[in-house]
Amino acid sequence: MNGLAGSRWIWSQWRRMTQQELVRSKGNWTSLTHSVVYFKMRLVLLNGKQTLLRAMSNRTRRLDALMSPNHWRRIVFIAALCSCVLAIPARAQQQNEPEDPEDEKKIGLWLDQGISTGLSANKSLDVEFHERLDEGMSNLFEYFVQGGVAFRLRPWFTVIPIYRYQRFPANPAIDYESRLQLNLTLSASRGPWRPILRTLVEGRFPDNRPASARLRFRPGIEYTLPFRMTRRPVLVASDEFFIVPGNNPFANGGSSFTQNRFQVGVRLPIGDSFSVRPYYLLQSVNLPGGWDTNEILGISLAFRIPRKTKTVRSQQPSGGPSGEVPNPEEP
């Protein structure tokens with residue numbers, strides 16, 4: 001209680017005891033009566049102090065209980081339980097979504113063909129054809145064609161707007177998909193080494209599914225092997241990360257990080273305008289049941305149609321050395 005309420009309570013107790021003693025002494029107020037009222041008032045105040053101390057002690061115990069580790073463990077457990085309950089409808093909704101039709105199953109075989117022809121000293125037309133087989137290289141589950149104009153704005157920077165049309169022959173949920181892509185490639189040669197960073201911005205428009213966006217980041221490295229050959233083979237390695245920043249119309253593990261592809265291969269230049277690149281790829285897909293990883297063997301063929309003028313013929317096209325077309329190896 002505060003000071004004003006305490007003073008009122010003490011005054012009311014004093015008046016009550018005084019009236020009781022006056023009644024008992026029949027209105028005869030003496031020093032003995034005064035002493036009796038005084039000692040009774042001391043007892044009341046002492047009991048009140050003990051009651052106040054007990055109340056403060058109980059309050060302290062309640063605060064200690066609230067701040068105890070066991071209490072916070074209970075709160076954390078209840079919050080985690082509520083989160084799990086709220087996540088059940090979202091996970092059930094994700095399981096109802098169809099799986100991404102480009103996901104590989106078991107051991108696969110990827111076949112890639114790319115054709116590049118120079119339009120000017122810093123531009124080229126690139127067209128690519130891709131076939132994807134999975135289930136032990138026996139099922140043609142995807143094929144597509146894409147094309148775009150490569151603009152070599154700087155020796156180390158290339159921009160390629162791309163349109164792609166692909167079909168999924170064995171998929172019961174999705175027949176085809178159109179994509180708009182923007183390829184941004186940074187590369188620089190350092191002796192036999194050539195680090196590369198490719199960023200691919202995709203707009204996906206599948207059949208019977210909402211449109212979505214996806215970002216793909218692929219850092220990589222190329223190393224020209226030090227063999228005594230006119231056309232040296234090139235070791236190629238990269239690791240690509242797939243990020244879906246917004247709505248994902250396909251089944252996933254609940255994260256924006258949906259896929260990862262690690263690959264290593266060797267590009268073998270056969271001539272000035274043709275190269276072959278066998279490669280090995282690991283595709284990991286983030287599904288509702290967890291990450292699913294499959295192995296893929298691929299063969300990439302790159303053709304370059306040179307221009308007839310000497311000026312263009314003496315320069316490397318935007319597709320890279322040894323007739324390699326920009327990214328004919330991945331969807």
Side-chain angles (χ1 to χ4, degrees), residues 90-114 127-148 162-183 198 200-218 240-263 279-300 327-331:
R91 179 55 62 92
Q93 184 178 3
Q94 288 181 1
Q95 292 178 351
N96 293 331
E97 301 289 350
E99 188 175 343
D100 196 324
E102 72 177 14
D103 293 349
E104 175 78 21
K105 298 299 180 184
K106 298 182 181 179
I107 298 178
L109 174 64
W110 289 7
L111 304 175
D112 315 303
Q113 308 89 42
V127 180
E128 301 174 15
F129 304 89
H130 301 260
E131 299 82 35
R132 303 285 184 255
L133 294 90
D134 63 356
E135 302 288 350
M137 310 180 187
S138 61
N139 176 45
L140 179 63
F141 73 96
E142 177 186 11
Y143 62 90
F144 60 91
V145 59
Q146 68 180 42
I162 302 170
Y163 171 75
R164 173 191 295 182
Y165 178 78
Q166 56 193 108
R167 297 196 66 88
F168 311 100
N171 194 297
I174 300 173
D175 293 330
Y176 63 89
E177 179 179 339
S178 296
R179 292 189 192 180
L180 296 177
Q181 299 176 324
L182 182 62
N183 184 334
R198 189 193 76 169
L200 198 62
V201 182
E202 290 186 320
R204 304 184 62 182
F205 305 92
D207 177 33
N208 297 326
R209 303 300 304 163
S212 62
R214 186 167 67 177
L215 302 176
R216 298 165 56 170
F217 304 97
R218 191 182 72 180
E240 187 168 19
F241 306 91
F242 292 67
I243 306 295
V244 179
N247 175 56
N248 191 346
F250 301 107
N252 61 89
S255 171
S256 58
F257 180 30
T258 60
Q259 190 178 156
N260 176 254
R261 292 178 185 174
F262 172 79
Q263 68 162 308
Y279 60 91
Y280 172 77
L281 187 145
L282 285 177
Q283 182 192 52
S284 299
V285 181
N286 190 5
L287 298 175
W291 285 89
D292 180 35
T293 302
N294 293 280
E295 299 177 297
I296 298 163
L297 299 177
I299 300 176
S300 176
N327 311 308
E329 72 277 3
E330 294 190 9

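Throughout, numbering of the chain's residues begins at 1 and tracks the sequence. The structure presented is a predicted model; accordingly, all values stated were derived computationally and were not measured.
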Checklist outcome for this item: Sorted by chain and number, sequence neighbours left out, side chain to side chain donor-acceptor pair (under 3.5 Å) with Gln259 holds for Glu102, Arg261, Gln283
Checklist outcome for this item: Tightest non-hydrogen contact, residues Ser178 and Tyr163, listed as OG-OH, 3.3 Å
Next on the checklist: Is it true that, when you exclude Leu297 itself, more than 12 heavy atoms of the residues, nucleotides or ligands shown sit nearer than 6.0 Å to its CG?
Outcome noted: yes
Checklist entry - Between Ala170 and Pro172, which heavy-atom pair has the shortest distance, and what is it? => result O-CD, 3.5 Å
Checklist entry - Taking only residues two or more places apart in sequence, or in another chain, which ones meet Tyr280 in a ring-ring contact (aromatic ring centres under 6.0 Å, His included)? => result none
Checklist entry - Can you check whether Asp100 reaches Phe242 side chain to side chain, under 4.5 Å on heavy atoms? => result no
Checklist entry - Partners of Lys106 by side-chain contact (heavy atoms from CB on, under 4.5 Å), sequence neighbours excluded? => result Glu135
Checklist entry - Is the closest side-chain heavy-atom distance between Asn248 and Thr258 below 4.5 Å? => result yes
Next on the checklist: Measuring from atom CG of Leu282 to atom CD of Glu295, what distance do you get when rounded to the nearest 0.5 angstrom?
Outcome noted: 6.0 Å
Next on the checklist: How close do Leu287 and Ala251 get, counting heavy atoms only, and between which atoms?
Outcome noted: CD2-O, 4.3 Å
Checklist outcome for this item: So OH of Tyr279 and CG of Leu281: to nearest 0.5 Å the spacing works out to 6.5 Å
Next on the checklist: Do Lys105 and Asp292 have side chains that approach each other closer than 4.5 Å (heavy atoms only, starting at C-beta)?
Outcome noted: yes
Item to check | Atom pair CD (Glu240) and CZ (Phe262), whose distance is rounded to the nearest 0.5 Å | outcome: 13.0 Å
Checklist entry - Quick one: do Arg209 and Glu97 make a salt bridge, cutoff under 4.0 Å? => result yes
Next on the checklist: Tell me every residue that passes side-chain contact (heavy atoms from CB on, under 4.5 Å) with Ala211, counting only those two or more places apart in sequence or in another chain.
Outcome noted: Phe205
Next on the checklist: If the condition is side-chain contact (heavy atoms from CB on, under 4.5 Å), which residues does Ser256 pass it with, not counting sequence neighbours?
Outcome noted: Ile243
Next on the checklist: Nearest 0.5 angstrom please: Ile162 CD1 to Asn183 CG, how far?
Outcome noted: 5.0 Å
Next on the checklist: Can you tell me how far apart CG (Leu133) and CD1 (Ile296) are? Round to the nearest 0.5 Å.
Outcome noted: 11.0 Å
Checklist entry - Does Asp112 pair with Arg132 as a salt bridge, N-O distance under 4.0 Å? => result yes
Checklist entry - With side chains defined as the heavy atoms from C-beta onward, is the minimum distance between Glu104 and Phe141 less than 4.5 Å? => result yes
Checklist entry - Where does the angle between the aromatic ring planes of Phe241 and Phe257 fall among parallel (under 30°), tilted (30 to 60°) and perpendicular (over 60°)? => result tilted
Checklist entry - What's the spacing between Phe168 CZ and Tyr143 OH if we round to 0.5 Å? => result 10.5 Å
Item to check | Residue pair Gln146, Arg179: steps toward the side-chain contact (heavy atoms from CB on, under 4.5 Å) verdict | outcome: CA-CA 9 Å; Gln146 68 180 42; Arg179 292 189 192 180; over 6 Å; no
Item to check | Minimal non-hydrogen separation, Val145 against Phe129, with atom names | outcome: CG2-CE2, 3.5 Å
Item to check | Worked verdict on Glu142 versus His130 for side-chain contact (heavy atoms from CB on, under 4.5 Å) | outcome: CA-CA 8 Å; Glu142 177 186 11; His130 301 260; over 6 Å; no
Item to check | Nearest non-hydrogen partners of Val244 and Ala213, listed with the distance | outcome: CG1-O, 3.6 Å
Checklist outcome for this item: Closest non-hydrogen contact found for Gln113 with Leu111 is NE2-C, 3.6 Å
Checklist entry - Does CD1 belonging to Ile299 count more than 12 external heavy atoms closer than 6.0 Å? => result no
Checklist entry - Would a 4.5 Å heavy-atom cut-off, applied to side chains only, mark Trp110 and Ser300 as touching? => result no
Checklist entry - Are side-chain heavy atoms of Ile174 and Phe250 found at a separation under 4.5 Å? => result yes
Item to check | Test side-chain contact (heavy atoms from CB on, under 4.5 Å) applied to Tyr176 - qualifying residues, sequence neighbours left out | outcome: Tyr165, Arg167, Asp207
